[in-house]
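What follows is a short report on a single structure.
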Amino acid sequence: MAGGASCPELVGAVCEAGALGFLAGGYKTAGGLYQEIKRVRGLTARPFGVNLFLPQDGRPADPAAVEVYRHQLAGEATWYETPLGEADDCRDDAYDAKLAILLEDPVPVVSFTFGCPARETFHAFDRVGTYTLVTVTSAEEALAAQRAGADAVCVQGVEAGGHQGTYRDDPADEGAPGTGLLTLVTQVREAVALPIVAAGGIMRGAQIAAVLAAGADAAQLGTAFLCCPESGAHPLHKRALTDPLFTRTALTRAFSGRPARGLVNRFMREHGPYAPAAYPEIHHLTAPLRKAAATAGDAQGMALWAGQGHRLARELPAGQLVEVLAAELDTALSDLSGHAHRSTS
Ligand SMILES: Cc1cc2nc3c(=O)[nH]c(=O)nc-3n(C[C@H](O)[C@H](O)[C@H](O)COP(=O)(O)O)c2cc1C
């Protein structure tokens, strides 16, 4: 979880409890990522993963649409007394430098989102013994990941918090509902032979049992870990997840220009309908506003990424949360096998 939540402390605590923590590589410099990898290694000797954003190599965003949105946000800049960011500050997020670091000093697992790397990238990670995953949001994307040589896919349902990891953000899909996790896992299971990690809205062990029953090999949880004391999420973000003031989540381009799920707040309501498909331009444009809102203690101006299950979040130390989830999973699996036993006898 980029943006601060998946910091070394959270990754270390999750790994020490026997799960697989992922360090966020998106939005970081290559040097910053390297320092965090070193820190994780100091906290745990167990396997961990690093997540990278694929650079967006599709059509460049329409500068006129970005300019219109800049005008849309002028009142926010006045309100928070901060200039808007530069939309053309679109470096490739140091992707190549991060790949070089990960190939030079390999970590056990690397996952990719916002696209699928080229076959040579998978070969290179294969040679250094790193296990690779690609986030997919459709059976077609899963097939492309399999063809390119990924070791596994992370199947992300529409319930998921944060950005949807679709390969291309196509404005033609605007308003088209995404696919729910159980349906998507079933579709991907029938389309590819790769191991599946299921993600989206999972907050309890019984839900992990459900995705395993649907054909997944593992589950990935994001929002469930945001409230942990080790998580680097902003305290206002943590509090908002279970605050009755925030009643629902929605997908929005308001903060980054790419569909992402967060708690519906004032910023999202006022600007979401006008935000163009322009990632990462809009991410850079709104960065100072989000920072200023956080400094001002104003959750209504922040990006409060959250999955649909946010109200089920539990404020537990990460290691304890892993243990509770594992116990819930055991109970659910034995309930299911007891049920199967009864119905066959
Ligand atoms: C705050 C936050 C930040 C996220 N950042 C990333 C990211 O950097 N890379 C990524 O692949 N997925 C990211 N995601 C999506 C997660 O990988 C995962 O798909 C999602 O959390 C699963 O849904 P859940 O939040 O309902 O558990 C993020 C999710 C959240 C909530």
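Ligands are counted one by one from 1 in listed order, and the atoms in each one are counted from 1 as well. Position 1 is the first residue of the sequence, and the numbers go up from there.
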Protein heavy atom at shortest distance from [atom]:
atom: atom 25 (O) of ligand 1; result: T223 OG1, 2.5 Å
atom: atom 3 (C) of ligand 1; result: M1 CB, 3.4 Å
atom: atom 1 (C) of ligand 1; result: W305 CB, 3.6 Å
atom: atom 19 (O) of ligand 1; result: Q156 NE2, 3.0 Å
atom: atom 26 (O) of ligand 1; result: G201 N, 2.7 Å

Distance under 4.0 Å to a non-hydrogen atom of [X]: what atoms of ligand 1 satisfy this?
X: T113; value: 9 (N), 10 (C), 11 (O)
X: G200; value: 22 (C), 23 (O), 26 (O)
X: G307; value: 26 (O)

> Could any protein non-hydrogen atom be found less than 4.0 Å from atom 9 (N) of ligand 1?
Replying inline: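 At least one protein heavy atom is under 4.0 Å away.
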> Picking from R258, R253, H163, what satisfies side-chain hydrogen bond (donor to acceptor under 3.5 Å, both in side chains) with D169?
Replying inline: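 Among R258, R253, H163, the one meeting side-chain hydrogen bond (donor to acceptor under 3.5 Å, both in side chains) with D169 is R253.
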Scan the side chains in residues 291-311 for donor-acceptor partners under 3.5 Å anywhere in the protein, sequence neighbours excluded, and list what turns up.
{"residue": "T295", "atom": "OG1", "partner": "K291", "partner atom": "O", "Å": "2.9"}
{"residue": "D298", "atom": "OD1", "partner": "Q300", "partner atom": "N", "Å": "3.0"}
{"residue": "D298", "atom": "OD2", "partner": "Y80", "partner atom": "OH", "Å": "2.6"}
{"residue": "Q300", "atom": "OE1", "partner": "R266", "partner atom": "N", "Å": "2.8"}
{"residue": "H310", "atom": "ND1", "partner": "L241", "partner atom": "O", "Å": "2.7"}

>> Let's go through T186 and R189 carefully: what are the C-alpha distance in whole Å and the side-chain angles of both, what is the deciding distance for side-chain contact (heavy atoms from CB on, under 4.5 Å) to 0.1 Å, and is it a yes or a no?
In response: CA-CA 5 Å; T186 309; R189 182 69 297 153; 5.7 Å; no
>> Looking at Q35, I want to see if its CD is surrounded by more than 12 non-hydrogen atoms of other residues, nucleotides or ligands under 6.0 Å.
In response: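 Atom CD in Q35 is crowded, with more than 12 foreign heavy atoms closer than 6.0 Å.
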> Taking the six-membered ring for Trp, are H271 and Y69 parallel (under 30°), tilted (30 to 60°) or perpendicular (over 60°)?
Replying inline: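 Geometry flag for Y69 against H271: perpendicular rings.
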Looking only at distance, does [X] have an N or O less than 3.5 Å from an N or O of ligand 1?
X: A5; result: no
X: N51; result: yes
X: A2; result: yes

>> Going by the closest heavy atom to atom 16 (C) of ligand 1, which one wins out of M203, K28, Q220?
In response: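 Considering heavy atoms of M203, K28, Q220, the nearest to atom 16 (C) of ligand 1 sits in Q220.
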> Which residue from A24, G161, G222, G162 reaches closest to atom 15 (C) of ligand 1 through any of its heavy atoms?
Replying inline: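 Ranked by closest heavy atom to atom 15 (C) of ligand 1, first place is G161.
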>> Quick test of your reading of the model: are E36 and R39 salt-bridged, counting only N-O distances below 4.0 Å?
In response: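 Judged by the 4.0 Å cut-off on N to carboxylate O distance, E36 and R39 do not form a salt bridge.
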> So is F53 close enough to ligand 1, meaning a heavy atom under 4.0 angstrom away?
Replying inline: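 Distance cut 4.0 Å: F53 passes for ligand 1.
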> Of all residues at least two apart in sequence or in a different chain, which pass the side chain to side chain donor-acceptor pair (under 3.5 Å) check with R204?
Replying inline: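 For R204, no residue satisfies side chain to side chain donor-acceptor pair (under 3.5 Å) once neighbours in sequence are set aside.
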> What about F112 and F53, are their ring centers closer than 6.0 Å?
Replying inline: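 Centroid separation for F112 and F53: 6.0 Å or greater.
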>> Aromatic contact between Y279 and F114, with the criterion being ring centroids under 6.0 Å apart: yes or no?
In response: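 Yes, close enough.
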> Is there a path of hydrophobic side-chain contacts, each under 4.5 Å between heavy atoms of I, L, V, M, F, W or Y residues, that connects L312 with I208?
Replying inline: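 No, L312 does not connect to I208 through the hydrophobic network.
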